[in-house]
2 protein chains.
Amino acid sequence: MNRIRHGFCEDQYTRGEPVLCDPIEMPFVGLVLCGALREDVRDAQGERRLFALTFAGELLSPLGPQRIGGQLSALEETVLLTCDRTGFDALVADIPHLRLNLLHLLQGQIAATHRWQTLLGRKSASERVASMLAWFHARHGGKDKLLLPVNRAELGQMSGLTLETVSRQIHALKKAGVIAVPQPTHIHVLDADALHALTGDAPARRAA
Amino acid sequence: MNRIRHGFCEDQYTRGEPVLCDPIEMPFVGLVLCGALREDVRDAQGERRLFALTFAGELLSPLGPQRIGGQLSALEETVLLTCDRTGFDALVADIPHLRLNLLHLLQGQIAATHRWQTLLGRKSASERVASMLAWFHARHGGKDKLLLPVNRAELGQMSGLTLETVSRQIHALKKAGVIAVPQPTHIHVLDADALHALTGDAPARRAA
DNA sequence: CGGCAAGTTGAGCGGACTCAATGCATGTGG
DNA sequence: CCACATGCATTGAGTCCGCTCAACTTGCCG
């Protein structure tokens, strides 16, 4: 167990606090135990824009945030379990059972990237907003009540839309009865199937 | 040297020939020695669309093509050096330094993905076309003459535009004197700096 | 010559953006 | 408590970019 624990580190962050990505002692894998992280990137004009969110229970790839100037910070009270290179190697050596396989992790990251690429390249505004909400919904375990951790402008930054368009599309979903919006940041998913249908993605394959 | 060579394989493909990605004996890393590969994905409607190109001298990540239904095929006479899991493991065991190279490879893939995400999310049609041409130009070593391996429709599939818009933007670049187009698939880059300026990317950092 | 595929060009439309005004909470000081 | 400021969200009006649809050109191969 010592070897397994060695190289692990559990850190707590408060709302807005940046997550240090020391290039020397770079964390190798990170697991968000509770809370949520945001990743900002700088665009061509040097502006910071929201790029991605990481929710509780999700993994940070060794190559995700440390890419081109990505800046991680906590959206709320967040506990992050990081595992450096040594710890990760020990873990993989001791517990092959854990499919905490680096390749599977990276594959998941690439799959997520592909979904974003499809969203940004081919989807309409309504499909983009529906997709984002559906993803948040799924990533929160399918619970009906969603608490959006970001405002309309930041939703727009992620999805390549303006804040006004995001607002209009959320309004359209509300009017269609797919969601309820008691407060701007509180979303109730009333019809998850309809929401998924509006994402423009292929329907989930049913068991034969 | 024997152990290092073990698990490597050099294959030749003709134009249009699919590259097999056997899940059992999945190639782990691939290097395009000459020629070019295309990667197609299926969209929500089940249509095949061009997703990415890999030129000579470039690497295929172990997670790139084997992702969600990606289909690799040769665009022309292509020689692909592949290295399966066994070979790669042997290589890593013998040369621990190489593991770093795998991370660098993946990092490069992620950087490329980020560029596409920026292109699809934030760029105008003219910037998208300029970016694609500038990338092809850079990836071909900065030679003035470019031979586009795909048609207008496929350029549009990669960049999220229609073939008509691609055609119009190429025409605009030609009229601006940035490129010359003796034939539809032959592009001469007349002013690489102007082309880069039109990509909408931040200017390359000059040495102070 | 005809037929086909790829490319170009034009006309018109519509969706998303821009700009601007308004609503609606929350906070803050008199 | 009220008046005011502030930040976020919503809503409206107008514009423009890129798409759709269609006609036409160009090059290639039979």
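In the text below, chain A, chain B and the rest are named by the order of the sequence lines, each starting its count at 1. If you're wondering where the values come from, they're calculated on a predicted model, not measured in any experiment.
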Above 12 or not: heavy atoms from other molecules or residues under 6.0 Å from CZ of B/Arg48? yes
Could you tell me which residues satisfy side chain to side chain donor-acceptor pair (under 3.5 Å) with A/Thr78, sequence neighbours excluded, listed by chain and number? none
Roughly how many Å is it from [atom1] in [X] to [atom2] in [N], rounded to a whole number?
X        : N      : atom1 : atom2 : result
A/Ile170 : D/dC8  : CD1   : C1'   : 12 Å
B/His171 : D/dG18 : NE2   : P     : 16 Å
B/Lys123 : D/dG18 : NZ    : P     : 13 Å
B/Asn151 : C/dC4  : CG    : P     : 19 Å
B/Gln169 : C/dT9  : CD    : P     : 13 Å
B/Gln157 : D/dC19 : CD    : P     : 13 Å
B/Glu127 : D/dC17 : CD    : P     : 12 Å
A/Arg152 : C/dG23 : CZ    : C1'   : 14 Å

Please classify the nucleic acid contact of B/Leu161 as base, sugar-phosphate, or nothing, using heavy-atom distances under 4.0 Å. sugar-phosphate
Once you apply a heavy-atom cut-off of 4.0 Å, does B/Gly156 come out as touching a base, just sugar-phosphate, or nothing? nothing
Given 3.5 Å as the limit, does a donor-acceptor pair link the side chain of B/Lys145 with the main chain of B/His186, or not? no
Under 4.0 Å from OP1 or OP2 of C/dC17: is there any side-chain N or O of A/Thr165 that close? yes
Would you tell me if any nitrogen or oxygen in the side chain of A/Thr162 comes within less than 4.0 Å of OP1 or OP2 on C/dA16? no
Tell whether B/Glu164 reaches the base of D/dC21 with its side chain through a donor-acceptor pair below 3.5 angstrom. yes
Less than 3.5 Å between a donor and an acceptor, one on the side chain of A/Arg168 and one on the base of D/dG12, is that the case here? yes
Identified side chain to side chain contact (heavy atoms under 4.5 Å, CB included) counterpart of A/Val178 within the set A/Asp193, A/Val189, A/Leu198: A/Leu198
By the definition side chain to side chain contact (heavy atoms under 4.5 Å, CB included), identify the one residue from B/Leu75, B/Leu53, B/Leu60 that meets it with B/Leu37. B/Leu60
